[in-house]
Amino acid sequence: MADQEALLDKIKQAVVAGEVEGIAELTKQALAQGIGARDILEQVLIPAMDIVGEEYERGDRYVPEMLISAETMKASMAVLKPLLVEAGKARSKGKVVIGTVEGDLHDIGKNLVAMMLEGAGFEVINLGVEVTAKEFVKAAKEHEPDIVGMSALLTTTMIHMPEVIEALKQAGLRDKVKVMIGGAPVTQEYADKIGADGYAPDAASATKLAKSLL
Ligand code: B1M
């Protein structure tokens, strides 16, 4: 038990310090010790990114250091992904087109949401980052999803969410898809204000929300 705690702490410190090399191995060790993929994610990786964010906010860390921590988290998540996806596997529940909005490079949370949705049996088309309203509409036409999901981590980029909703309206697609949004600065109040169909604060509730929207 103490060994497991020490290992989890090592993973957390590695993410905070941005030690990409060795993180996959540490993650595999944790899994081999019987620690669940979801526990590693929720008890270690996400709190590590919170520490990184707080340090950045205090001015104790610069953007490149924030990036290297993000890369470290991604390397750990790559090991966890098959397990997280497998954990909730069921047959296709519907199709989701998801992306981070225009001007926004943050993709860890969005990828996590995509991963959890896949695990819950959704087909997910991940458009990546800095997705413009035009690109969301193009993807909605091409893939005919049940849900369009948008993520934003910046107060300066969440303002693109209503633009996407408007563009879907203009393209005559708004009635054909549900829109769900999320990301740290986004709230239920904001979702209501811009006319989104739903908001989720984290990846687990995003999956619940997606199911309920259909
Ligand atoms: Co940036 N960054 N960053 N950053 N960064 C934040 C977001 C910030 C809060 C840090 C801080 O000041 N404390 C701050 C935003 C302030 C604000 O607007 N309120 C900030 C800033 C300012 C910036 C820059 C402007 C810095 C600069 O250049 N001066 C810059 C902007 C670049 C750009 O996007 N144009 C920038 C850059 C970066 C990096 C590129 C270095 C890197 C991102 C790398 C990457 O993602 N590939 C980065 C990082 C890593 C962070 C922090 C530290 C961590 C974000 C993260 O991955 N969290 C972040 C501080 C923080 O959040 N603690 C910060 C972990 C992730 C699992 O959580 O993304 O919230 P999250 O996702 C959650 C939920 O939000 C939700 O579920 C997810 C899983 O539970 N969710 C959804 C997310 N999307 C959803 C969609 C849904 C439903 C739920 O439905 C569709």
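Note that this is a predicted model, so its numbers are computed, not measured. All ligand and atom numbering here is 1-based and tracks the order in the structure.
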Only heavy atoms count here, so choose which of [options] is nearest to [atom].
| atom | options | result |
| --- | --- | --- |
| atom 47 (N) of ligand 1 | Leu117, Asp107, Leu112 | Asp107 |
| atom 17 (C) of ligand 1 | Thr155, Asp202, Ile68 | Thr155 |
| atom 33 (C) of ligand 1 | Leu105, Ile51, Leu209, Ile46 | Leu105 |
| atom 76 (C) of ligand 1 | Ala114, Ser205, Pro201, Pro64 | Pro201 |

Is there at least one pair of N or O atoms, one from [X] and one from ligand 1, spaced under 3.5 Å apart?
| X | answer |
| --- | --- |
| Gly103 | yes |
| Glu54 | no |
| Ala203 | yes |
| Gly53 | yes |

For the residue pair [X] and [Y], establish whether any side-chain heavy-atom pair is separated by less than 4.5 Å.
| X | Y | value |
| --- | --- | --- |
| Leu8 | Ile40 | yes |
| Met158 | Ile181 | no |
| Leu112 | Leu41 | yes |
| Met180 | Leu213 | yes |

The test is side-chain contact (heavy atoms from CB on, under 4.5 Å); show your working for Met161 and Val186 and say whether it passes.
CA-CA 10 Å; Met161 290 175 160; Val186 179; 3.9 Å; yes
Closest protein heavy atom to [atom], given as residue, atom name and distance to 0.1 Å:
| atom | value |
| --- | --- |
| atom 65 (C) of ligand 1 | Met49 CB, 3.9 Å |
| atom 62 (O) of ligand 1 | Leu153 CD1, 4.2 Å |
| atom 89 (C) of ligand 1 | Ala200 O, 3.2 Å |
| atom 11 (C) of ligand 1 | Tyr56 CD2, 3.6 Å |
| atom 84 (N) of ligand 1 | Ser151 OG, 2.7 Å |
| atom 72 (O) of ligand 1 | Gly109 CA, 3.2 Å |
| atom 49 (C) of ligand 1 | Met66 CG, 3.5 Å |
| atom 6 (C) of ligand 1 | His106 NE2, 3.8 Å |

Any protein heavy atom sitting closer than 4.0 Å to [atom]?
| atom | answer |
| --- | --- |
| atom 9 (C) of ligand 1 | no |
| atom 59 (C) of ligand 1 | no |
| atom 51 (C) of ligand 1 | yes |

What are the atoms of ligand 1, with element, lying closer than 4.0 Å to any heavy atom of [X]?
| X | value |
| --- | --- |
| Leu154 | 15 (C), 18 (O), 20 (C), 21 (C), 23 (C), 31 (C), 33 (C), 34 (O) |
| Ala70 | 44 (C), 50 (C) |
| Ile108 | 46 (O), 57 (O) |
| Gly183 | 75 (O), 81 (N), 82 (C), 83 (C), 84 (N), 85 (C) |
| Lys74 | 47 (N) |
| Gly149 | 91 (C) |
| Asp50 | 63 (N) |
| Leu67 | 40 (C), 41 (C) |

Any chain of hydrophobic side-chain contacts (each under 4.5 Å) joining Leu153 to Val15?
no
Within the side chain of Asp107, is there an N or O that forms a donor-acceptor pair under 3.5 Å with the backbone of Lys110?
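No: the side chain of Asp107 does not pair with the backbone of Lys110.
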For Tyr62, does its backbone N or O pair with a side-chain atom of Glu65 as donor and acceptor, under 3.5 Å?
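Confirmed, Glu65 side chain pairs with Tyr62 backbone.
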Search all heavy atoms of [X] against all heavy atoms of [Y] and return the closest pair with its distance.
| X | Y | result |
| --- | --- | --- |
| Pro47 | Glu42 | CD-O, 3.2 Å |
| Leu31 | Gly36 | CD2-C, 4.4 Å |
| Ile23 | Ala75 | CG2-CB, 3.5 Å |
| Gly149 | Phe136 | O-CE2, 3.7 Å |

Whether over 12 other heavy atoms sit under 6.0 Å from Arg38 CZ:
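Open.
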Is it true that, when you exclude Gln4 itself, more than 12 heavy atoms of the residues, nucleotides or ligands shown sit nearer than 6.0 Å to its CD?
yes
Quick one: does Asp104 get a heavy atom under 4.0 Å from ligand 1?
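Contact present.
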4.0 Å heavy-atom contact, Glu71 with ligand 1
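Judged by the 4.0 Å heavy-atom criterion, Glu71 does not count as contacting ligand 1.
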Residues Lys12 and Asp50 bridged, charged N to O under 4.0 Å:
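The answer is no: the pair does not qualify as a salt bridge.
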Assess the side chains of Asn111 and Lys81: does a donor N or O sit below 3.5 Å from an acceptor N or O?
no
Gln33 and Gln29: side chain donor to acceptor below 3.5 Å:
no
